[in-house]
Peer 1: 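Quick one: structure below, then a few questions.
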Amino acid sequence: MQTTCKHVAIIMDGNGRWAKNQNKLRTFGHLSGSENVRNIALAANKLKIQVLTLYAFSTENWKRPMEEVEYLMILPEVFFNRFIDELMREGIKIMAIGDLTRFPPNTQRVLLSAIEKTKNNQGLILNFAMNYGGRDEIIRAVNKIADDVRLGKVDSIDESGFESYLMTAGLPAVDLMIRTSGEQRISNFLLWQLAYAELVFTDVSWPDFKEADLIEAMQVFENRNRRFGGL
Ligand code: V0D
């Protein structure tokens, strides 16, 4: 039986280092990285992946220098100004997980309008993890469950009940997690969701990560699944 990769998650690491290596500013690396988001989203859509979750901004990223954080905040707007027409044509649907409320109002508006505009699209779900932390997500779920217990809506929950309180509720399980640029850590990305995912670490930096690299990672997933899957 051929298992298919429905949900791919990527930690898009190495943008700053990629820029520094060519004596450019880190912000240039981020801009190149955002262009690559477009390329890989189009490739994933063509490959019939259902969900692509991209780690765009972690709860740790606020510790970066102020100028860099400010630059990152304008990237969603730059991205949509350039690519929203193309995303619409391709039927790509935008989603976001994480706490958007800490972003500048304009960044929130731009993102919410892209989510609204693409909500009926039937192709790839392009899910941005923004100001996202895996532990934060779990704690929020626990608090919502406590609220529902107090309201008498819940008395005990199982794994699938717990999952319905996560920000990824309703999405298929993560099959494959890729981290670019050499580090071999999860870094507080999808903690619960990665329980059974294949993990692929590559030395390629995010701006250089191409469709062929995505296909290669999917083949690693399919081979491991054939060997270790339930016979
Ligand atoms: C910087 C590499 C696209 C990672 C990719 C707010 C670091 C480029 C977006 C984006 C970032 C986010 C939401 C959205 C549309 C586009 C983005 C951030 C950083 C942080 F709806 N690239 N990108 N957002 N980088």
Side-chain angles (χ1 to χ4, degrees), residues 8-21 24-45 51-88 90 92-119 121 123-133 136 167-168 177-183 185 187-190 202 204-210 213-214:
V8 177
I10 308 183
I11 301 178
M12 306 181 289
D13 203 3
N15 304 283
R17 212 175 321 155
W18 178 88
K20 279 281 168 231
N21 282 344
K24 301 262 174 50
L25 298 172
R26 290 177 58 82
T27 50
F28 175 72
H30 295 318
L31 182 64
S32 303
S34 75
E35 287 166 4
N36 202 41
V37 167
R38 173 239 176 225
N39 296 337
I40 295 299
L42 293 181
N45 193 35
V51 185
L52 179 65
T53 297
L54 299 178
Y55 210 177
F57 196 90
S58 80
T59 48
E60 296 298 298
N61 287 157
W62 297 109
K63 295 176 191 160
R64 301 257 180 98
M66 186 185 62
E67 310 81 58
E68 187 175 342
V69 171
E70 280 177 357
Y71 186 80
L72 291 169
M73 293 300 120
I74 64 163
L75 272 181
E77 185 170 8
V78 171
F79 182 89
F80 287 126
N81 285 341
R82 289 175 68 187
F83 304 132
I84 192 75
D85 291 345
E86 192 177 24
L87 299 176
M88 279 305 290
E90 298 296 324
I92 293 174
K93 177 174 168 168
I94 306 296
M95 266 188 52
I97 56 172
D99 179 11
L100 299 182
T101 64
R102 270 194 73 188
F103 286 107
N106 190 54
T107 308
Q108 293 184 44
R109 265 197 301 277
V110 161
L111 188 62
L112 293 176
S113 90
I115 291 170
E116 175 64 24
K117 187 164 186 195
T118 62
K119 70 177 181 203
N121 286 353
L124 175 78
I125 295 174
L126 178 56
N127 183 29
F128 288 100
M130 309 256 293
N131 191 26
Y132 172 89
D136 174 69
M167 295 163 176
T168 51
M177 196 287 296
I178 303 167
R179 181 171 188 151
T180 61
S181 203
E183 305 292 346
R185 295 192 295 269
S187 299
N188 204 20
F189 196 28
L190 308 161
T202 170
V204 177
S205 59
W206 174 250
D208 289 332
F209 188 86
K210 294 286 154 5
D213 301 299
L214 175 61

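Each ligand, and each atom within it, is numbered from 1 in the order the structure gives. For the single chain, residues carry numbers from 1 onward in sequence order.
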Peer 1: Show the protein residues that qualify under the rule heavy atom under 4.0 Å from an atom of ligand 1, listing them in chain and number order.
Peer 2: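 Lining ligand 1 at under 4.0 Å, by heavy atoms, one finds M12, N15, H30, G33, S34, V37, A56, F57, L72, L75, P76, F79, F80, L111, F128, M130, W206.
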Peer 1: Got a sec, which residues hit side-chain hydrogen bond (donor to acceptor under 3.5 Å, both in side chains) with R102, two or more places apart in sequence or on another chain?
Peer 2: none
Peer 1: Among residues at least two apart in sequence or on other chains, which ones pass side-chain contact (heavy atoms from CB on, under 4.5 Å) with E90?
Peer 2: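 Listed in chain order: L42, N45, I92.
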Peer 1: Taking only residues two or more places apart in sequence, or in another chain, which ones meet T180 in a side-chain hydrogen bond (donor to acceptor under 3.5 Å, both in side chains)?
Peer 2: none
Peer 1: Are the side chains of R179 and S187 in touch, meaning some heavy atoms are under 4.5 Å apart?
Peer 2: yes
Peer 1: Report the C-alpha distance between R82 and S34 in whole Å, list the side-chain angles of each, state the deciding distance to 0.1 Å, and finish with yes or no for side chain to side chain donor-acceptor pair (under 3.5 Å).
Peer 2: CA-CA 11 Å; R82 289 175 68 187; S34 75; 5.3 Å; no
Peer 1: Between R38 and E35, is a salt bridge (Lys or Arg N to Asp or Glu O under 4.0 Å) present by the stated rule, with each step listed?
Peer 2: CA-CA 5 Å; R38 173 239 176 225; E35 287 166 4; over 6 Å; no
